[in-house]
Amino acid sequence: MSNSDFVTAFAPASIGNLAVGFDMLGLSIAGAGDRVSARKTKGQGVVIKEVRGMDGEIHPYLSGNSDENTASLAARSLWDAAGDGAGIELIVYKGVPLQSGMGSSAASAVAAAFAVNALLDESLPVEELLVHALAGEKFASGGLHADNVAPSLIGGLVLCPQVLLPQMISLPVPDGVSSVLLHPELQVNTAESRNRLAKGYTTDLWLAQQGYLAGFIAACAQNNVALMAECLKDVIIEPQRAESVPCFRAVQEAALKSGALGCSLSGSGPSIFALCLDNDAANLAVVMEQASRKMGYQCQSWISPLNAPGARMVD
Ligand code: HSE
């Protein structure tokens with residue numbers, strides 16, 4: 001067997017929660033993602049051959065333990081369900097920073113499921129890969145939420161409440177709106193962050209957040225950017241996580257002052273996203289980066305359309 005036996009898939013990074021929809025709303029981004037190469041072997045089961053950075057060098061931190069990597073767990077779930085009993089070997093290329101709040105574990109899981117799907121005698125429809133990618137993602141985050149996996153898989157803005165899984169509902173996106181995603185050089189462990197969240201909430205908070213989510217979805221349907229700005233808020237989860245990202249409030253304030261429609265943590269952080277009018281995006285990225293650096297955190301940012309594509313096969 002040679003390297004030409006490999007098929008390769010790319011899956012993008014994503015913004016989980018999107019402020020207003022904890023665990024049930026997510027957005028794909030352009031320009032960052034993971035790649036997974038897969039091939040059949042004469043061995044048994046799904047194993048990771050190597051984990052590399054996008055530069056091709058062996059990844060300095062991630063181990064290739066196939067029982068602990070979201071890529072192999074997703075691939076195994078799919079191959080056990082639909083494979084032909086051959087072995088599978090994976091090479092994971094990590095482009096999404098670890099513990100970044102950019103859907104890193106989801107991108108690996110989705111890319112792996114997508115690549116292995118191409119090795120099936122009859123590939124499954126993309127939507128059917130969700131449960132397998134989730135089997136990988138669940139290991140990393142300690143909870144069942146599809147707000148990173150779903151947009152990474154099908155792209156765009158996706159509503160995916162746990163109670164409706166495996167349904168993924170693609171939402172229309174308003175014209176002329178972009179996302180800016182800032183990654184400050186910090187790490188937040190999603191499972192630990194989730195464990196620290198309060199277990200009960202008041203009816204007032206619950207009503208407020210439900211109202212914002214309903215308004216946000218209506219804004220998407222009606223192409224109403226003003227309503228979207230009014231609703232892009234998280235009154236429940238963001239206040240509990242803000243302190244774990246020391247530059248968050250400064251970046252948020254800078255973004256809102258510079259015309260952002262809204263700004264919050266991406267997933268469990270440390271990444272921070274803003275939605276804004278297309279024309280404001282470049283300036284907003286600069287302003288957010290400056291605020292992060294002023295607080296002592298080096299950073300990188302990405303600007304994306306709201307309909308950035310999901311997973312796909314690549315050369
Ligand atoms: N919805 C998840 C959370 C996303 O906020 O914990 C994790 O990236």
Side-chain angles (χ1 to χ4, degrees), residues 11-29 32-34 69-71 73-74 94-111 130 133-154 157-166 168-169 171 179 181-184 186-199 201 205-206 209-210 212-213 216 232-245 248 252 262-273 302 304 308 310:
S14 54
I15 299 169
N17 304 331
L18 210 70
V20 67
F22 178 66
D23 273 3
M24 64 184 77
L25 194 61
L27 181 69
S28 62
I29 72 159
D34 288 355
N69 190 298
T70 61
L73 294 173
K94 285 300 298 178
V96 186
L98 304 182
Q99 301 196 334
S100 58
M102 294 172 57
S104 175
S105 51
S108 290
V110 169
L130 179 79
L134 277 176
E137 165 77 328
K138 195 173 170 204
F139 172 81
S141 90
L144 185 66
H145 58 89
D147 52 326
N148 289 116
V149 163
S152 183
L153 186 61
I154 63 172
L157 177 62
V158 186
L159 182 68
C160 48
Q162 194 191 76
V163 289
L164 298 182
L165 293 176
M168 298 178 276
I169 302 160
L171 296 179
S179 71
L181 181 60
L182 176 100
H183 172 234
L186 280 162
Q187 290 194 327
V188 170
N189 180 295
T190 297
E192 289 169 12
S193 175
R194 294 176 73 81
N195 281 338
R196 284 195 294 270
L197 294 175
K199 303 289 177 255
Y201 299 95
L205 276 179
W206 180 62
Q209 199 59 50
Q210 270 199 316
Y212 289 134
L213 179 58
F216 183 89
L232 193 57
K233 293 188 175 73
D234 173 4
V235 294
I236 294 186
I237 305 298
E238 180 191 294
Q240 300 181 64
R241 286 176 162 169
E243 275 185 15
S244 64
V245 183
F248 169 57
Q252 184 185 44
C263 176
S264 187
L265 293 170
S266 174
S268 57
S271 290
I272 300 164
F273 82 94
W302 293 263
S304 310

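Note that ligands are numbered from 1 as they come in the structure, with each ligand's atoms numbered from 1 the same way. All values below come from the heavy atoms of this structure, side chains included, with hydrogens, waters and symmetry mates left out.
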K138, NZ: over 12 other non-hydrogen atoms inside 6.0 angstrom: no
Does either side chain, that of S268 or that of T190, offer a donor lying less than 3.5 Å from an acceptor on the other one? yes
For residues R194 and D23, determine if any side-chain heavy atom of one lies less than 4.5 Å from a side-chain heavy atom of the other. yes
Is a donor on one side and an acceptor on the other found under 3.5 Å between the side chain of D234 and the backbone of V20? no
Measure from every N or O atom of ligand 1 to the protein's N or O atoms and keep only the pairs below 3.5 Å, writing each with atom names and distance to 0.1 Å.
unit_1   : atom_1 : unit_2 : atom_2 : d
ligand 1 : 1 (N)  : N17    : OD1    : 2.7
ligand 1 : 1 (N)  : D23    : OD1    : 2.5
ligand 1 : 1 (N)  : D147   : OD1    : 3.3
ligand 1 : 1 (N)  : D147   : OD2    : 2.7
ligand 1 : 5 (O)  : N17    : ND2    : 2.7
ligand 1 : 5 (O)  : R241   : NH1    : 2.7
ligand 1 : 6 (O)  : R194   : NH1    : 2.7
ligand 1 : 6 (O)  : R241   : NH2    : 2.9
ligand 1 : 8 (O)  : N148   : OD1    : 3.0

Step through the shown structure and confirm whether more than 12 heavy atoms of other residues, nucleotides or ligands are within 6.0 Å of CD on Q210. yes
State whether a side-chain donor-acceptor pair under 3.5 Å links T70 with E137. no
